[in-house]
Trainee: 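Quick one: this structure, given as structure tokens, is what I'll be asking you about.
No hydrogens, no waters, no symmetry mates; every other heavy atom, side chains included, goes into these values. Here the structure is a predicted model, which is why all the values come from computation and not from measurement.
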Amino acid sequence: MPPLRLLSLLLFPLLLSTSLSTSHPSQPISLPNFREAPAFRNGHGCSSSPIIHIAMTLDSTYLRGSLAGVLSVLRHASCPELIHFHFISSASPSRRLPFLRRAVLSAFPSLPFSIHPFDSALVRGKISSSVRRALDQPLNYARIYLADLLPAAISRVIYFDSDLVVVDDVARLWSIDLEPNHVIAAPEYCHANFTSYFTSAFWSHPTFPTVFSHRSRPPCYFNTGVMVIDLERWRSGDYTRRLERWMEIQKKEARIYELGSLPPFLLVFAGEVKGVEHRWNQHGLGGDNVEGLCRDLHPGPVSLLHWSGKGKPWLRLDQGRSCPLDSLWKPYDLLRRKEREPFADE
């Protein structure tokens, strides 16, 4: 095999978050083995409850986190059988999708779910490097395309990152009133230094900062790992294209931010977000994006724990270097404690 070809095969799993532990297409694809979760049944009063749609990404790197997130949602839901999960997974190569589907089914045999292939070509050429390689993966941008990936009949979705657990009934988040004009709802953090999310090239530009001039409220930071999205308003307002436009400016005109897919959301939505209680995103538990140091909970009640940042609880637990709050994630870990076994290639 030519040396350059061999090098590309070895580097491929490091460059794509959706890669599985294989270095050659002819080798068996392997994934961790997961225990089957308990079956969760609806409580009283669910006959008139709506179906709740939740979107998450699905890849080998964050698979363990995704399944822990699903378990946490079901365990605390009053109507778990009415929750439909929409997993967004890389479409290339498509042979990975059956193995990811099998992993989900091994943990949740009766789970209502769909897997929607995401074509990374949609963002190829639009992604610029950020402070952490994981933030640069195409699948990290899939949330921008939810309105296109999900069926047109779905008018609302909750988007969850794959490094969180829910410790409350998700129906409470689903029922957030977006009012007549809001496209998304999320917890906002107006005490954060909003200007720090953009470079001096942005703030010194004659027109870029004016994007915030006519917002309903002063712009505030919000974390895009937990969002309630009105897909009908998103589609009618062509918000995917609005986000892409800022990515193109970043890539081709001026480096205006440093932090992956978050800044385009701030540029389009900050100041127009329907605020949600902070309890629904106790974020930053993974530490900062460079060191991943341990952090404490924010003051106040907790409905959702989010290990955003560099440190992921499953990695720290496996390495014997866990943070105190990682123990709150551990009960949702479905990993079967034995050697990885390859699935037979079909």
Trainee: As a test of understanding, state which of His306, His191, His283 forms a ring pair (Phe, Tyr, Trp, His ring centres under 6.0 Å) with His298.
Mentor: His283
Trainee: For the CG atom on Leu293, are there more than 12 heavy atoms of other groups (residues, nucleotides or ligands in this structure) within a distance under 6.0 Å?
Mentor: yes
Trainee: Pro301 and Arg279: which non-hydrogen atoms are nearest, and at how many Å?
Mentor: O-CB, 3.3 Å
Trainee: Is there side-chain contact between Val226 and Leu173, with heavy atoms separated by less than 4.5 Å?
Mentor: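 Val226 vs Leu173: side chains touch.
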Trainee: Enter the distance from Ser114:OG to Leu150:CG here, rounded to the nearest 0.5 Å.
Mentor: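 Here the interatomic distance stands at 8.5 Å.
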Trainee: Run the side chain to side chain contact (heavy atoms under 4.5 Å, CB included) test on His205 and Ile256 for me, step by step, so that the C-alpha distance in whole Å, both residues' side-chain angles and the decisive distance to 0.1 Å come before the verdict.
Mentor: CA-CA 10 Å; His205 193 275; Ile256 57 176; over 6 Å; no
Trainee: What closest approach, in Å, do Val70 and Met56 show between heavy atoms, and which atom pair accounts for it?
Mentor: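 Looks like CG2-SD, 4.1 Å.
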Trainee: Which pair of non-hydrogen atoms, one from Gly260 and one from Pro263, has the smallest distance, and what is that distance?
Mentor: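 Scanning both residues, the minimum pair turns out to be O-CD, 3.4 Å.
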Trainee: Could you grab the distance from atom CZ of Arg316 to atom CZ of Arg321, nearest 0.5 Å is fine?
Mentor: 10.0 Å
Trainee: Taking NZ in Lys251 as the centre, count heavy atoms belonging to other residues, nucleotides or ligands within less than 6.0 Å. Is the count above 12?
Mentor: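 Enclosed.
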Trainee: So, for Leu266 and Arg215, which heavy atoms are closest and what is the spacing to 0.1 Å?
Mentor: O-NH1, 3.9 Å
Trainee: Decide whether Val268 and Phe212 are clustered together by the hydrophobic rule: side chain heavy atoms of Ile, Leu, Val, Met, Phe, Trp, Tyr closer than 4.5 Å, transitively.
Mentor: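 Shared cluster, yes.
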Trainee: What is the distance from atom NE2 of His116 to atom CG of Leu97, rounded to the nearest 0.5 Å?
Mentor: 11.5 Å
Trainee: Under the 3.5 angstrom rule, does the side chain of Lys310 hit a backbone N or O of Val290 as a donor-acceptor pair?
Mentor: yes
Trainee: Would a distance-only check, ignoring hydrogens and angles, find a side-chain to backbone donor-acceptor pair under 3.5 Å from Ser308 to Gly284?
Mentor: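 Checking the backbone N and O of Gly284 against the side chain of Ser308, a donor-acceptor pair under 3.5 Å is found.
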Trainee: Under 6.0 Å between ring centres, would you say that holds for Trp280 and Phe160?
Mentor: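 No: the rings miss the under 6.0 Å criterion.
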Trainee: Is there a continuous path of hydrophobic side-chain contacts, each under 4.5 Å between heavy atoms, that joins Phe40 to Leu105?
Mentor: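 The answer is yes; both residues are in one hydrophobic cluster.
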Trainee: With heavy-atom distances below 4.5 Å as the criterion, would you say the side chains of Leu328 and Val165 are in contact?
Mentor: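 No - every pair of side-chain heavy atoms lies 4.5 Å or more apart.
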Trainee: If only atom types and distance count, is the side chain of Glu272 paired as donor or acceptor with the main-chain N or O of Ser216 below 3.5 Å?
Mentor: yes
Trainee: Classify the ring geometry between Phe208 and Trp246 as parallel (under 30°), tilted (30 to 60°) or perpendicular (over 60°).
Mentor: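 Perpendicular.
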Trainee: Could you tell me which non-hydrogen atom of Pro38 sits nearest to which non-hydrogen atom of Leu71, and how far apart they are?
Mentor: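 Smallest interatomic distance, heavy atoms only, reads CD-CD1, 4.5 Å.
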Trainee: Could you check Leu111 against Leu74 for side chain to side chain contact (heavy atoms under 4.5 Å, CB included), going step by step and ending with a plain yes or no?
Mentor: CA-CA 10 Å; Leu111 182 74; Leu74 298 177; 3.9 Å; yes
Trainee: Between Ser128 and Arg255, is any pair of side-chain heavy atoms under 4.5 Å apart?
Mentor: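 With C-beta onward as the side chain, the pair touches.
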Trainee: Taking Thr57 as the fixed residue, which of Phe118, Tyr159, Tyr141, Phe87 is the one that meets the side-chain contact (heavy atoms from CB on, under 4.5 Å) rule?
Mentor: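 When side-chain contact (heavy atoms from CB on, under 4.5 Å) is applied between Thr57 and each of Phe118, Tyr159, Tyr141, Phe87, only Tyr159 qualifies.
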Trainee: Before accepting this row, confirm whether a basic side-chain N of the pair Glu244/Arg241 lies closer than 4.0 Å to the acidic partner's carboxylate O.
Mentor: yes
Trainee: Could you tell me the separation between the CD atom of Gln137 and the CG atom of Asp59, rounded to the nearest 0.5 Å?
Mentor: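 It comes to 9.0 Å.
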Trainee: In the structure I gave you, are the side-chain heavy atoms of Phe34 and Val104 within less than 4.5 Å of one another anywhere?
Mentor: no
Trainee: Decide, yes or no, whether a salt bridge links Lys274 with Asp177 under the criterion of side-chain N to carboxylate O below 4.0 Å.
Mentor: no
Trainee: Specify whether Tyr62 and Trp314 have parallel, tilted or perpendicular ring planes, treating 30° as the upper limit for parallel and 60° as the lower limit for perpendicular.
Mentor: perpendicular
Trainee: Does Leu305 reach the side chain of Leu325, with side-chain heavy atoms less than 4.5 Å apart?
Mentor: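 The answer is no; the side chains never approach within 4.5 Å.
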Trainee: Which is it for Ile54 and Ile83 under the side chain to side chain contact (heavy atoms under 4.5 Å, CB included) test, yes or no, and what are the steps along the way?
Mentor: CA-CA 7 Å; Ile54 297 176; Ile83 300 173; 3.7 Å; yes
Trainee: Please confirm whether His278 and Tyr189 have ring centers closer than 6.0 angstrom.
Mentor: yes
Trainee: How long is the span from the CG atom in Asn281 to the CG atom in Asn223, to the nearest 0.5 Å?
Mentor: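 Rounded to the nearest 0.5 Å, the CG-CG separation comes to 4.5 Å.
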Trainee: Is it the case that the ring center of Phe269 lies less than 6.0 angstrom away from the ring center of Tyr239?
Mentor: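 For Tyr239 and Phe269, the ring centres are under 6.0 Å apart.
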Trainee: So among Thr61, Asp163, Asp326, which one has a side-chain hydrogen bond (donor to acceptor under 3.5 Å, both in side chains) with Lys312?
Mentor: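 Answer to the side-chain hydrogen bond (donor to acceptor under 3.5 Å, both in side chains) test with Lys312 among Thr61, Asp163, Asp326: Asp163.
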Trainee: How are the rings of Tyr257 and Phe198 set relative to one another: parallel (under 30°), tilted (30 to 60°) or perpendicular (over 60°)?
Mentor: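 It falls in the perpendicular class, over 60°.
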Trainee: Go through the steps for Gln250 and Met247 under the test side chain to side chain contact (heavy atoms under 4.5 Å, CB included), then give the verdict.
Mentor: CA-CA 5 Å; Gln250 161 82 350; Met247 293 166 61; 5.6 Å; no
Trainee: Would you please say whether a donor-acceptor pair under 3.5 Å links the side chains of Thr224 and Arg143?
Mentor: yes
Trainee: Could you tell me the separation between the CZ atom of Arg242 and the OG1 atom of Thr240, rounded to the nearest 0.5 Å?
Mentor: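 Interatomic distance, Arg242 CZ to Thr240 OG1, rounded to 0.5 Å: 10.5 Å.
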Trainee: Using modelled atom types and a 3.5 Å cut-off, is there a donor and acceptor pairing between side-chain atoms of Asp288 and backbone atoms of Glu291?
Mentor: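 Yes, the answer is positive, given that a donor and an acceptor are paired below the 3.5 Å cut-off.
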Trainee: Asp230 versus His182: any side-chain heavy-atom pair under 4.5 Å?
Mentor: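 Not in contact.
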Trainee: Apply ring pair (Phe, Tyr, Trp, His ring centres under 6.0 Å) to the pair Phe113 and Phe108, showing each step before the final yes or no.
Mentor: CA-CA 10 Å; Phe113 76 94; Phe108 304 100; 9.0 Å; no
Trainee: Applying a strict under-4.5 Å side-chain criterion to I, L, V, M, F, W and Y, I'd like to know whether Val276 and Leu297 cluster together.
Mentor: yes
Trainee: Do Leu82 and Val73 belong together in a cluster built from hydrophobic side chains that touch within less than 4.5 Å?
Mentor: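 Leu82 and Val73: separate clusters.
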Trainee: Tell me whether Leu259 shares a hydrophobic cluster with Trp203, the cluster being built from Ile, Leu, Val, Met, Phe, Trp, Tyr side chains joined at under 4.5 Å.
Mentor: yes
Trainee: Counting C-beta onward and ignoring hydrogens, is there a side-chain heavy-atom pair between Leu262 and Tyr221 closer than 4.5 Å?
Mentor: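 Yes; the side chains approach each other to less than 4.5 Å.
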Trainee: Is a donor on one side and an acceptor on the other found under 3.5 Å between the side chain of Arg35 and the backbone of Leu335?
Mentor: yes
Trainee: Can any side-chain N or O of Arg217 pair as donor or acceptor with the backbone N or O of Val273 at less than 3.5 Å?
Mentor: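 Present.
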Trainee: Between Cys294 and Pro324, is any pair of side-chain heavy atoms under 4.5 Å apart?
Mentor: yes
Trainee: Show the nearest heavy-atom pair for residues Leu285 and Asp296, with the distance to one decimal.
Mentor: CD2-O, 4.0 Å
Trainee: For the side chain of Asn33 and the backbone of Arg336, is there at least one donor-acceptor N/O pair under 3.5 Å apart?
Mentor: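 Flag not set: sc Asn33 to bb Arg336 has no pair under 3.5 Å.
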